[in-house]
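As structure tokens, the structure follows; a few thoughts come after it.
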Amino acid sequence: MQSSSTQNIPNTSLIPSHVAVIMDGNGRWATSRYLPRVAGHAKGVEAVRGIAKACVSRKISYLTLFAFSSENWRRPAEEVSLLMRLFSTALEREVNRMCATGIRLRVIGDLSRFDKRLQDQIAQAELKTKDNDKLNLTICANYGGRWDMLQAMNKAAAVQPPNTEFTEHDIAPHLAMAYAPEPDLFIRTGGEQRISNFLLWQLAYTELYFTDTYWPDFDAAALDKAIVSYQERERRFGRTSAQLIEVRKAS
Ligand code: IPE
Ligand code: IPE
Ligand code: MG
């Protein structure tokens, strides 16, 4: 089981082991160029490819990307269906490249709302990439932090005797991303400073980084800037600075 930042003090290193990103600003990137919003989403797929590669070369082990939220169904039907098509073609095109780069793909979220063909495609891509070990790439699709916590609680309730008082250890293993450590670094592109129902449980002690750069423009240099900001943070996990100095002396 992965360790919990509220139960134990995590070991940290200069390179984040898990980076989680809200890829925002595709629509505005396109609109500012007088292009249809979908052109921004298409360009956003290219940015995903670049950032995944950059994570491999920086030895970041986990990259988690918010691609479609449980609230994004509220968008115009045409945009939603174009996003689904784009997801499907990206899966088709990228799987071989992921195998060549050593990327393992997982898709988390309530996938039951996607059409059967897309669900099969996701399952196949996960299967095809399952032995790759350079980067764990997770795409959050029809994902919501509240959905995740609720489905984990329901699963925990199903395996516990009635009226059990749950601990973190009962819930956490049922979260959709239980295979990954909690994110060290959260990045949101596109200028907004909110969580938008992303990883509500796992972000408890994650360092937050916001940038105005639109997702299609977010490249390896932009990622490095976020990592530098991360390296300047003092991750105290509830302790004081003086305690951290003692810990460093002792190690
Ligand atoms: C993020 O970009 C991608 C998705 C939510 C699918 P947006 O589409 O939200 O772009 P903006 O925020 O409208 O610019
Ligand atoms: C968050 O972006 C979801 C994804 C990037 C998939 P949104 O653009 O949907 O978020 P809000 O609506 O501005 O909060
Ligand atoms: Mg947006």
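Indexing begins at 1, ligand by ligand and atom by atom, following the structure's order. All values below come from the heavy atoms of this structure, side chains included, with hydrogens, waters and symmetry mates left out.
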Checklist entry - Within the structure, does Leu83 bring an N/O atom to less than 3.5 angstrom of an N/O atom in ligand 1? => result no

Checklist entry - Taking the side chain from Glu207 and the backbone from Tyr230, do they hold a donor-acceptor pair closer than 3.5 Å? => result no

Checklist entry - Quick one: which of Arg28, Arg75, Glu79, Glu192 has a heavy atom closest to atom 5 (C) of ligand 1? => result Arg75

Next on the checklist: Can you check which of Ala67, Ser69, Ala141, Pro216 brings a heavy atom nearest to atom 4 (C) of ligand 1?
Outcome noted: Ala67

Checklist outcome for this item: For Asn72, the atoms of ligand 2 under 4.0 Å from one of its heavy atoms are 3 (C), 6 (C), 9 (O)

Checklist entry - Which ligand 2 atoms, with their elements, are less than 4.0 angstrom from a heavy-atom of Phe68? => result 6 (C)

Item to check | Partner of Phe198 under ring-ring contact (aromatic ring centres under 6.0 Å, His included), chosen from Phe66, Trp147, Phe68 | outcome: Phe66

Checklist entry - Between Arg104 and Lys134, is a side chain to side chain contact (heavy atoms under 4.5 Å, CB included) present by the stated rule, with each step listed? => result CA-CA 8 Å; Arg104 175 173 187 175; Lys134 294 271 183 293; over 6 Å; no

Checklist entry - Of the backbone and side-chain N, O or S atoms of Asp24, does one lie nearer to the Mg ion (ligand 3) than 2.8 Å? => result yes

Checklist entry - Short check: is a protein heavy atom less than 4.0 Å from atom 12 (O) of ligand 2? => result no

Checklist entry - Does Gly25 reach ligand 1, in the sense of a heavy atom lying below 4.0 Å from it? => result yes

Checklist entry - Looking at Tyr179, is Arg106 sitting on its ring face, NZ or CZ under 6.0 Å from the six-membered ring centre and within 45 degrees of the normal? => result yes

